[in-house]
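A quick write-up on the structure given underneath.
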Amino acid sequence: MITDARVLQPEFVPGEVQHRDAEVNHLSAALRPLIDGDPTDPVLIDGPPGVGKTCIARFTVERLREASVALNHQYVNCWEEYSRFKTLYQILDGVASTIDIHRQSTPTDVLLDRLRDYDGPPYIVILDEVDQLEDKSLLYDLYRIPELTMVLIVNDEAQLFAGLDDRLNSRLNACTRVHFDTYPKSELTAILHDRVRWGLNADYLQDGVLPTIAELAAGDARTAIGILRQAAHTVHTNSHDMLTDSIAEEVAPAARTEIRRNAVERLTHHQEVIYTIINEAGEITPGDLYEAYRDRVDNSKTKRTVRNYLAKLEQYNLIAADGQTKGRRYRTLTDAALA
DNA sequence: CCTCCACTGGAAGCTGCGGTAT
DNA sequence: ATACCGCAGCTTCCAGTGGAGG
């Protein structure tokens with residue numbers, strides 16, 4: 001039933017977008033001076049997960065590039081390229097040769113210098129999930145490179161600003177903001193409809209299944225498309241003759257935890273043990289947690305390191321911490337349905 | 001209300017790794 | 001070979017904080 005699997009992938013950028021005209025126009029207008037070679041302030045895109053921030057940013061920049069020959073652009077996911085070095089490397093990779101740059105022995109200053117020396121056409125850098133960036137001062141360094149224009153994408157605006165110093169704080173506060181809200185059910189259904197049109201055989205769809213999926217996804221397009229993908233996959237592998245509401249409902253939890261599972265897979269053994277302990281307990285005090293952790297691994301890390309792990313797990317939204325100092329409790333954030 | 005102390009998170013220092021330079 | 005370099009991950013140290021119990 002799947003005719004083009006690409007359109008169901010999370011990173012797929014459609015050739016046309018619906019329902020986000022206002023945001024696309026807002027973003028293009030903010031970046032338009034670049035076409036005339038004028039310097040442009042950064043743009044800050046914010047909104048909850050799965051509302052098309054990444055998609056619209058990439059789409060708009062791509063369209064801008066088509067309208068102007070002299071424009072470079074690069075997309076960097078700060079979750080994956082979380083360190084200063086990795087981010088800089090990706091950015092530099094978009095415009096210059098990086099073959100002689102070696103991961104270990106090249107100081108990050110050299111990367112930055114090279115980027116400062118850049119004198120090509122205007123360069124748009126999309127920094128996705130920028131709140132995940134470890135060293136936010138990099139943003140200040142990038143800000144001061146005139147040829148470089150940043151498009152910053154954040155889920156949690158407060159968390160981003162908390163990590164910034166005053167200089168950058170006031171500057172980013174003043175820059176163009178594009179805010180995304182969750183999709184209404186009708187728009188989500190329309191988006192799913194497009195994906196079906198591009199990549200699925202609609203004969204296999206039960207009437208009304210797309211609104212059901214939209215309902216299950218609660219305004220989150222990434223989840224909606226994930227459910228559609230997994231449901232289509234289920235229909236295909238089990239040779240069902242229809243994608244029904246019940247199949248959609250069946251795969252929905254798995255689709256919802258997919259992103260979380262990817263995050264868990266990225267954890268080290270020690271981090272995973274800690275995550276498991278919290279999951280099993282539901283809620284636990286720091287003292288009990290550390291004790292349980294030490295019982296369960298061979299060469300346990302120190303408490304301080306475990307605290308760093310906990311901060312990381314919290315940032316990945318795998319766990320939550322309530323209360324201050326002695327009242328602190330760590331708890332699970334989800335259904336914990338990890339296969 | 002006051003004191004204790006479990007806990008947090010910043011800072012500095014150490015180590016091992018992957019790499020270059022001599 | 002050997003010395004050296006920068007980084008990431010870890011540890012050690014510590015000042016600060018707020019909940020619990022006298």
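So that the names make sense, note that chain A is the first sequence line, chain B the second, and so on, each numbered from 1.
For A:Y309 and C:dC10, the OH to C1' distance is 8 Å, given to the nearest whole Å. We find that NZ of A:K303 is positioned 15 Å from P of B:dG9, with the value rounded to whole Å. Atoms CG (A:L267) and C1' (C:dG9) sit 16 Å apart, rounded to a whole Å. Rounded to whole angstrom, the span from the CD atom of A:E81 across to the C1' atom of C:dC7 amounts to 16 Å. Nucleotide C:dT11 holds its C1' atom 15 Å from the CZ atom of A:R294, rounded to whole Å. Separating the CG atom of A:L112 from the C1' atom of C:dG6 is a distance of 16 Å, rounded to the nearest angstrom. We find that CG of A:N308 is positioned 14 Å from P of C:dA8, with the value rounded to whole Å. The interatomic distance linking A:Y89 (OH) with B:dG18 (C1') rounds to 15 Å, in whole Å.
Counting any heavy atom pair closer than 4.0 Å across all strands shown, A:Y290 reaches no nucleic acid atom. At a threshold of 4.0 angstrom between heavy atoms, the contacts of A:K301 are confined to the sugar-phosphate backbone, with no base atom among them.
Along DNA chain C, the nucleotide nearest to A:R307 and the one nearest to A:K312 differ in position, and the one closer to the 5' end is contacted by A:K312.
Here A:R114 does not pair with A:D117 in a salt bridge; the nearest charged N to carboxylate O distance is not below 4.0 Å. Contact check on A:D46 versus A:R177 returns no salt bridge, with no Lys/Arg side-chain nitrogen under 4.0 Å from an Asp/Glu carboxylate oxygen.
Checking C:dT12, C:dC10, C:dA8 against the side-chain heavy atoms of A:F85 singles out C:dA8 as nearest. Taking every side-chain heavy atom of A:R304 into account, B:dG10 is the closest of C:dA8, B:dG10, C:dC10. For A:T302, counting side-chain heavy atoms from C-beta on, the closest listed nucleotide (C:dC10, C:dT12, B:dT8) is C:dT12. In the set B:dA11, C:dG18, B:dC7, the nucleotide with an atom closest to the side chain of A:P286 is B:dC7. The A:T325 side chain lies nearest to C:dT17 when the options are C:dG19, C:dT17, C:dC10.
Evaluation of atom-type donor-acceptor distances gives no pair under 3.5 Å for the side chain of A:R328 against the base of C:dG19.
No more than 12 heavy atoms of other residues, nucleotides or ligands sit less than 6.0 Å from atom CG of A:D119. Open room surrounds CZ on A:R294; 12 or fewer heavy atoms of other groups in view lie less than 6.0 Å from it.
Using modelled atom types and a 3.5 Å distance limit, the side chains of A:N279 and A:T332 yield a donor-acceptor pair.
Between A:Y330 and the phosphate of B:dT8, there is a side-chain N or O to OP1/OP2 separation shorter than 4.0 Å.
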